Amino acid sequence: MILFMNICPASCACPISLLEYLSKQFGHVSYERVASGHGISNIYKFLRDTGRGKEIPEIAAELEKGDPGAIISRHADAGDCVMCEKTIDIFIGCLAAEAANMALKSMALGGVYLGGGIPVKMLKRLKSVAFLHPFTDKGRLSSLMESMPVKVILNDQAALLGAARYAIDATIE
């Protein structure tokens, strides 16, 4: 449980409750259960099912028909659903904490690069204290984290281009 608490920022008042909730749902709880697209839905359900948020019936109906992460994000950005906003705040904090964990494990002094569809759609939030504080809040290593730049990969073809470059380099040698 101590390791899990590290993926939830200090601003998440319920990391143990979230872990217990997800453990009942999935057994094994990995970082992806909170710091991925599915994590948005998992956090939302946790808030709803544990009485930490009030679900709006119209949003509940939308969630049954479409992509929960996109729907929750849209309502959070519009500011018309407090529980959606809380969900995204917790998600952003968990993403930041895990990005920081990975940066520390690899000593990514050159920076951290976030890829995929979610970071591109949440650029504004990733530039805010909601992301930056949990990213840098690593105790005695906070000053190191403050020196690590965080970048978002905007080119959705970056992985393909990187693989192509690697293949070209491998065939030249």
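A quick note: this is a predicted structure, and the numbers were derived from the prediction, not measured. Note that the numbering runs from 1 along the sequence shown for the chain.
- Of the inter-residue distances, the one linking Ile92 atom CD1 with Thr87 atom OG1 reads 11.5 Å to the nearest 0.5 angstrom.
- Considering only residues two or more places apart in sequence or on other chains, Arg165 meets the salt bridge (Lys or Arg N to Asp or Glu O under 4.0 Å) condition with Asp169.
- Cation-pi geometry between Arg125 and Phe131 is not satisfied (NZ or CZ under 6.0 Å from the ring centre, within 45° of the ring normal).
- Rounded to the nearest 0.5 angstrom, His133 NE2 and Thr136 OG1 are separated by 6.5 Å.
- Shown here are the salt bridge (Lys or Arg N to Asp or Glu O under 4.0 Å) partners of Glu146, two or more places apart in sequence or in another chain: there are none.
- Ile59 approaches Cys81 most closely through the heavy-atom pair CD1-CB, 3.4 Å.
- Proximity of Leu114 to Lys151: side-chain heavy atoms (C-beta onward) are nowhere separated by under 4.5 Å.
- Annotation: side chain of Tyr21 is in contact with side chain of Thr50 (closest heavy-atom distance under 4.5 Å).
- Expressed to the nearest 0.5 Å, how far CG of Asp77 lies from CZ of Arg74 amounts to 10.0 Å.
- Heavy-atom minimum distance, Lys54 versus Met83: N-SD, 3.7 Å.
- Looking at Arg140 and Ser142, their side chains never come closer than 4.5 Å, going by heavy atoms from C-beta outward.
- Remark: side-chain polar atoms of Ser41 are not paired, donor with acceptor, to backbone N or O of His38 under 3.5 angstrom.
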Show the numbers, then the answer: is there a side chain to side chain contact (heavy atoms under 4.5 Å, CB included) between Lys121 and Ile118? CA-CA 5 Å; Lys121 293 173 186 150; Ile118 294 173; 5.9 Å; no
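- Hydrophobic clustering, with ILVMFWY side chains joined whenever heavy atoms are under 4.5 angstrom apart, groups Val150 together with Met148.
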Set out, in order, the CA-CA distance, both residues' side-chain angles and the distance that settles side chain to side chain donor-acceptor pair (under 3.5 Å) for Glu62 and His75, then state yes or no. CA-CA 11 Å; Glu62 267 187 80; His75 285 286; 2.8 Å; yes
Please walk me through it: do Asp80 and Ile56 pass side chain to side chain contact (heavy atoms under 4.5 Å, CB included)? CA-CA 10 Å; Asp80 59 13; Ile56 298 170; 6.0 Å; no
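- Cluster membership check: Tyr166 does not share its hydrophobic cluster with Leu161, using side-chain heavy-atom separations under 4.5 Å among Ile, Leu, Val, Met, Phe, Trp and Tyr.
- Inter-residue side-chain proximity for Asn42 and Phe26 is flagged as met; some heavy-atom pair is nearer than 4.5 Å.
- Between Leu126 and Pro119, some side-chain heavy-atom pair lies under the 4.5 Å cut-off.
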Would you sort out whether Leu47 and Ile90 count as a side chain to side chain contact (heavy atoms under 4.5 Å, CB included), showing the intermediate values? CA-CA 10 Å; Leu47 294 173; Ile90 292 171; 4.1 Å; yes
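- Using a 4.5 Å cut-off between side-chain heavy atoms of Ile, Leu, Val, Met, Phe, Trp and Tyr, with links allowed through other members, Leu141 and Phe135 fall into the same hydrophobic cluster.
- Put simply, CD1 on Ile40 and CZ on Phe91 are 4.5 Å apart, with the number rounded to the nearest 0.5 Å.
- In this structure, Ala100 and Lys138 approach most closely via the heavy-atom pair CB-CE, 3.4 Å.
- A 4.5 Å side-chain heavy-atom check between Leu123 and Leu154 finds at least one atom pair inside the cut-off.
- In this structure, Ser23 OG and Ile16 CD1 are separated by 10.0 Å, a value rounded to the nearest 0.5 Å.
- Hydrophobic clustering keeps Ile153 apart from Leu160 (ILVMFWY residues linked when any side-chain heavy atoms are closer than 4.5 Å, directly or through intermediates).
- Residues Leu63 and Tyr44 form a side-chain contact, since some pair of their non-hydrogen atoms from C-beta on lies under 4.5 Å apart.
- Side-chain contact between Ser73 and Met122 is present, with at least one heavy-atom pair separated by less than 4.5 Å.
- Here the CZ atom belonging to Arg33 is positioned 14.5 Å from the SG atom belonging to Cys94, to the nearest 0.5 angstrom.
- Heavy atoms only, all atoms of each residue included: Ala76 and Glu85 are closest at O-CG, 3.6 Å.
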Quick one: do Lys127 and Leu132 satisfy side chain to side chain contact (heavy atoms under 4.5 Å, CB included)? Show the steps, please. CA-CA 7 Å; Lys127 292 178 182 179; Leu132 296 174; 5.7 Å; no
